[in-house]
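Here's the structure, in structure tokens; my notes come after.
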Amino acid sequence: RVGLDQLGDLGLDSLLPPLIERAAASGELPASVDRQGTLLALCNVFFGVPLLLGPRAPQLIGAAYRQQLDLVWKGLRHG
């Protein structure tokens, strides 16, 4: 596994697509999963959760990430 310190200046648009491909290849996601839609959904969670909760309830960000990622994952797997 690559550590965060080894990622350099990669953005989510570079980091996530190979991971989405790996999930589809391993059967964790359907082979027919919409890769661009998956990337967009994950980026929305990554940026949207702290944007909405940060100013008012930063202590809820961790739990909200888990909840939102669970919803996205379920939707992608059963789409």
Side-chain angles (χ1 to χ4, degrees):
R1 285 188 127 173
V2 175
L4 288 177
D5 58 331
Q6 297 173 318
L7 292 178
D9 294 333
L10 291 177
L12 291 178
D13 58 331
S14 296
L15 181 64
L16 292 177
L19 299 174
I20 294 167
E21 279 301 320
R22 188 182 324 162
S26 70
E28 293 180 76
L29 290 174
S32 63
V33 71
D34 176 355
R35 273 90 165 148
Q36 286 300 109
T38 301
L39 176 62
L40 184 58
L42 293 172
C43 288
N44 278 312
V45 170
F46 185 83
F47 292 109
V49 166
L51 183 66
L52 292 173
L53 292 178
R56 291 180 290 254
Q59 71 279 8
L60 299 177
I61 291 174
Y65 268 133
R66 285 186 292 280
Q67 177 198 41
Q68 293 303 302
L69 288 171
D70 185 52
L71 286 171
V72 169
W73 191 255
K74 285 177 182 172
L76 290 170
R77 292 187 73 195
H78 303 290

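Everything numeric in this text was worked out from a predicted model, so none of it was measured.
- Surrounding CD of Gln36 are at most 12 heavy atoms belonging to other residues, nucleotides or ligands under 6.0 Å away.
- Ion pair Arg66/Asp70 not flagged as a salt bridge, since none of the NZ, NE, NH1 or NH2 atoms sits closer than 4.0 Å to an Asp/Glu carboxylate oxygen.
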Would you sort out whether Asp34 and Leu76 count as a side chain to side chain contact (heavy atoms under 4.5 Å, CB included), showing the intermediate values?
CA-CA 9 Å; Asp34 176 355; Leu76 290 170; over 6 Å; no
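- Here the closest non-hydrogen pair linking Arg56 and Pro58 is C-CD, 3.7 Å.
- Nearest heavy atom pair, residue Ala24 against residue Pro30, reads CB-O, 4.0 Å.
- Between the side chain of Arg77 and the main chain of Gly75, no donor-acceptor pair closer than 3.5 Å is present.
- Residues passing the side-chain hydrogen bond (donor to acceptor under 3.5 Å, both in side chains) test with Ser26, sequence neighbours excluded: Glu28.
- Taking each heavy atom of Pro50 and Pro55 in turn, the nearest pair found is O-CD, 3.9 Å.
- With hydrogens and angles disregarded, a donor-acceptor distance shorter than 3.5 Å links the side chain of Tyr65 to the backbone of Phe46.
- Put simply, the side chain of Pro17 reaches to within 4.5 Å of the side chain of Leu39, judged on heavy atoms.
- When side chains are defined from C-beta on, Leu19 counts as touching Arg22, because their heavy atoms get closer than 4.5 Å.
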Evaluate Leu42 against Ile20 for side chain to side chain contact (heavy atoms under 4.5 Å, CB included), listing each step before the verdict.
CA-CA 10 Å; Leu42 293 172; Ile20 294 167; 4.2 Å; yes
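- One hydrophobic cluster, built from ILVMFWY side chains closer than 4.5 Å, cannot hold both Leu29 and Leu71; they sit in different ones.
- Under the 4.5 Å side-chain heavy-atom criterion for grouping Ile, Leu, Val, Met, Phe, Trp and Tyr, Phe47 is connected to Val49 within one hydrophobic cluster.
- Separating the CD1 atom in Ile61 from the CD atom in Gln68 is a distance of 12.5 Å, to the nearest 0.5 Å.
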